[in-house]
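Reviewing the structure listed below.
Scope of the values below: all heavy atoms of this structure, side chains included, with no hydrogens, waters or symmetry mates. For clarity, every value in this text was computed on a predicted model and none was experimentally measured.
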Amino acid sequence: SQFVNYGFLMREPDCNAPREMDLVLKQPFTYGSTWWERFEKRLCPVHALVKWRAFRHEFLFGRDNEGGRVPSPHLFNFNDYLKFCLGHTVLGLVQVSSRVWILSVLLTCPIIFVSMVYGKVQMLQCVFAWTICAAAFVISMLLAEDTDLITPTVPEDPRQVLILFDGTSSMAIMTRRQLRQEPSSDDAIAPLSCRCPGLGDCKLDKKLIKLGASQSMFSSKTRKVGNSLMSLMAYKECLGLVGMWQAILITSLIVSGLSMEKRTWWELAFNFFAWAEWPVMMHWVVPRIIHQLTMLDSVDCRANKDVIRRVTLDSKERLLGYQTCLVQVASFAHRVIGPSLCVRQEDKKRSFKTGLLLCEEATLKQRHEFAQVFAAWDFNNNGIVDPDELVAHFVPLVGGENAHERAMEMVNDLIDYVDHDDTGKLDFDKCRALLALAMSSQHQHNVKEDLRNVFFPIIDYDGNGFLSMDEFTGWLRNMCDGVEAEDIANLVFKYFGTGKPVLSPEDFADFMMHIANGLH
């Protein structure tokens with residue numbers, strides 16, 4: 001839709017194409033070959049989105065699927081990684097170096113002298129304010145240019161860009177690994193599913209559908225991008241200097257405003273324009289600088305390994321939270337749906353409406369979780385969850401012989417409980433209604449009891465009444481590989497505050513409920 005809206009693709013009716021629609025190339029997609037072209041394209045939202053996806057794709061999978069910066073792409077959230085790096089960037093700008101302090105003092109002294117001699121304080125403040133803003137804008141442009149130069153290139157045909165990025169979202173990768181257990185190198189390129197329009201005359205050559213080399217590289221020796229005017233450290237110190245001067249300016253404006261009684265119209269005008277610089281800096285210039293500096297300082301050879309480890313562990317904690325969500329749904333099927341399976345249409349409509357009301361009362365975070373779960377269940381990404389798509393998620397929670405058949409029975413019962421229109425499938429509204437019913441507060445005590453008495457014995461393979469880290473890890477690997485016993489041990493330590501080689505049924509229930517409540 002974005003490529004169509006911004007004139008890169010055009011929809012043409014074709015009764016022989018999927019969804020009776022073909023995507024036809026209207027103009028090629030490029031970053032621009034000159035500085036001015038790159039500046040113009042930078043203002044287009046779809047360019048910003050594609051560049052972000054290109055950085056992410058390279059970070060997770062590498063340029064030619066040779067392997068990215070993370071060991072398990074399906075257990076890594078690139079957005080969370082950038083959030084942590086953003087915090088480090090902001091902290092670095094706040095911690096002003098001694099050189100910035102000295103330079104600020106040296107430059108402030110002559111400015112104070114001029115204002116004392118000529119007495120034009122308001123005019124000087126106005127000129128000083130917009131000089132700072134202009135300097136920050138220039139730094140922003142240089143940073144944006146350096147960021148553009150290290151951005152991996154994408155195919156010029158937007159349809160090939162769609163193919164390149166299709167199926168590489170975090171939830172899509174996770175779902176595919178859960179259902180098919182494919183090797184991670186195959187996660188990088190997945191064919192467009194049947195939900196998409198036709199691709200017309202697009203060349204489906206895998207040699208063309210890959211990231212290309214960037215226009216320049218970041219040098220770890222010079223800490224520069226190619227022939228850039230400034231190094232990464234210079235950028236940081238210049239930004240620290242701008243921040244320092246901005247603080248001095250605001251302090252000066254406050255002090256002068258409190259100390260002067262009468263002002264001329266010219267003084268009021270200069271004062272107004274000096275204050276007007278602050279929102280321009282804070283709402284437009286500074287956010288762009290921080291975003292570009294974070295990207296430049298966090299990808300390629302500047303990848304932060306400590307943050308990667310932390311984000312990976314958080315992703316594994318979310319994986320546990322997702323399994324707890326499945327446990328809640330399975331417990332709901334066992335406790336509520338099983339004993340009183342509703343077959344009448346009136347009962348289904350009542351359950352559906354009750355679930356929607358509970359969903360509306362849920363917190364924003366819970367509603368976001370419902371959307372994430374639906375995305376995980378909707379493997380084909382066509383807006384509908386079939387029983388065949390859903391059953392694989394519940395097989396590990398059933399265990400024993402005929403696990404698949406019993407899981408399919410449970411899935412059909414779950415769907416039927418809210419199937420007010422008798423389609424035999426879940427759409428988004430039915431899914432969130434079902435999840436809201438299963439995760440309602442009145443059912444939580446049953447979940448904890450089922451964790452102890454129903455699900456713990458399934459994971460306790462040796463049946464000794466205690467769950468080892470290897471058993472816990474083996475159960476999770478049945479649903480998604482990449483989880484190590486060390487990761488589970490770290491999460492257990494994080495919750496209990498001490499190392500535990502084994503978990504009792506009560507410990508296991510408390511731990512899983514804590515993970516679920518943390519996500520809520």
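Classification of D22 and R11 as a salt-bridged pair fails, no side-chain N sitting under 4.0 Å from a carboxylate O. Ionic pairing of D148 and K41 is not present here: no N-O contact between side-chain nitrogen and carboxylate oxygen is shorter than 4.0 angstrom. A salt bridge between K26 and E12 is absent, with no side-chain N of the basic residue lying under 4.0 Å from a carboxylate O of the acidic one.
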>> If you apply the rule side-chain contact (heavy atoms from CB on, under 4.5 Å), what do you find for L268 with F273, and how did you get there?
In response: CA-CA 9 Å; L268 288 173; F273 284 112; over 6 Å; no
>> side-chain contact (heavy atoms from CB on, under 4.5 Å), that's the test. Do Q246 and E277 meet it? Break it down for me.
In response: CA-CA 10 Å; Q246 185 69 31; E277 178 267 351; 2.9 Å; yes
>> Run R432 and E360 through salt bridge (Lys or Arg N to Asp or Glu O under 4.0 Å) and show every step you take.
In response: CA-CA 10 Å; R432 64 194 185 111; E360 294 302 323; 3.5 Å; yes
> When you look at F370 and C431, which way does the side-chain contact (heavy atoms from CB on, under 4.5 Å) test go after all the steps?
Replying inline: CA-CA 8 Å; F370 296 161; C431 178; over 6 Å; no
> Please walk me through it: do W377 and E389 pass side-chain contact (heavy atoms from CB on, under 4.5 Å)?
Replying inline: CA-CA 6 Å; W377 288 356; E389 291 178 291; over 6 Å; no
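Two residues are said to be in side-chain contact when any heavy atoms from C-beta on lie closer than 4.5 Å; F55 and L211 fail this criterion. Residues V299 and E58 are not in side-chain contact: their nearest non-hydrogen atoms beyond the backbone lie 4.5 Å or more apart. With contacts defined as side-chain heavy-atom distances shorter than 4.5 Å, the pair R53/R56 qualifies. Contact annotation: the side chain of E317 approaches that of L491 to within less than 4.5 Å [non-hydrogen atoms, C-beta and beyond]. Between F270 and V127, the closest side-chain pair of non-hydrogen atoms is not below 4.5 Å. Counting heavy atoms from C-beta on, the side chains of N79 and W52 come closer than 4.5 Å. Side-chain contact between K210 and T153 is absent, with no heavy atoms from C-beta onward closer than 4.5 Å. Using a 4.5 Å heavy-atom cutoff, the side chains of M10 and V4 are not in contact.
Of the possible polar contacts, none joining the D378 side chain to the A375 backbone as a donor-acceptor pair under 3.5 Å is found. A donor-acceptor pair under 3.5 Å is absent between the side-chain atoms of S252 and the main chain of I248, judged by distance alone. Remark: the backbone N or O of E486 is paired with a side-chain donor or acceptor of N490 at under 3.5 angstrom. A donor-acceptor contact shorter than 3.5 Å is absent between the side chain of S214 and the backbone of P152.
Taking each heavy atom of A303 and I308 in turn, the nearest pair found is CB-CD1, 4.2 Å. Residues L75 and L319 come closest through the heavy atom pair CD2-CD2, 4.1 Å. Minimum interatomic distance between W130 and V280 (heavy atoms only, all atoms of both residues): CH2-CG2, 4.0 Å. Between F84 and V311 the shortest heavy-atom distance is CD1-CG2, 3.5 Å. Across all their heavy atoms, P155 and Q160 have their closest contact at CB-OE1, 3.3 Å. Heavy-atom minimum distance, C325 versus M439: SG-CE, 2.6 Å.
In the model, S228 has a side-chain atom that pairs as donor or acceptor with a side-chain atom of D146 under 3.5 Å. Between the side chains of Q125 and S256, at least one donor-acceptor pair of N or O atoms lies under 3.5 Å.
The 12-atom threshold is not exceeded at CZ of F272, counting heavy atoms of other residues, nucleotides or ligands nearer than 6.0 Å. Other residues, nucleotides and ligands contribute over 12 non-hydrogen atoms within 6.0 Å of the CZ atom of F428. For W35, the CH2 atom counts as densely surrounded, since its 6.0 Å shell holds more than 12 non-hydrogen atoms of other residues, nucleotides or ligands. Atom CD of E40 has more than 12 heavy atoms from other residues, nucleotides or ligands within 6.0 Å.
Each salt bridge (charged side-chain N to carboxylate O under 4.0 Å, His left out) pair with one or both residues in residues 85-102, not counting sequence neighbours, appears once here: R99-E237.
Here D427 pairs with nothing under the salt bridge (Lys or Arg N to Asp or Glu O under 4.0 Å) rule; sequence neighbours left out.
How far CG of L9 is from CD of Q27: 9.5 Å, rounded to the nearest 0.5 Å. Atom-to-atom distance recorded for R367:CZ and C359:SG is 6.5 Å, nearest 0.5 angstrom. Note: K224 NZ to M233 CE = 13.5 Å, rounded to the nearest 0.5 Å. Rounded to the nearest 0.5 angstrom, T312 OG1 and N77 CG are separated by 10.0 Å. Residue L86 holds its CG atom at 11.5 Å from CG of D297, rounded to the nearest 0.5 Å. To the nearest 0.5 Å, atoms CD (Q323) and CD1 (I515) are separated by 12.0 Å.
The distance between the ring centers of H47 and F8 falls below 6.0 angstrom. Between F39 and W36, the ring centre distance stays below 6.0 Å.
Using the six-membered ring where Trp is involved, F78 and F59 have ring planes that are tilted, between 30° and 60° apart. In this pair, F29 and F3 present their aromatic rings perpendicular. The plane angle is above 60°, beyond the 30 to 60° band.
Under a cutoff of 6.0 Å and an axis angle of 45°, K51 and Y31 form a cation-pi pair.
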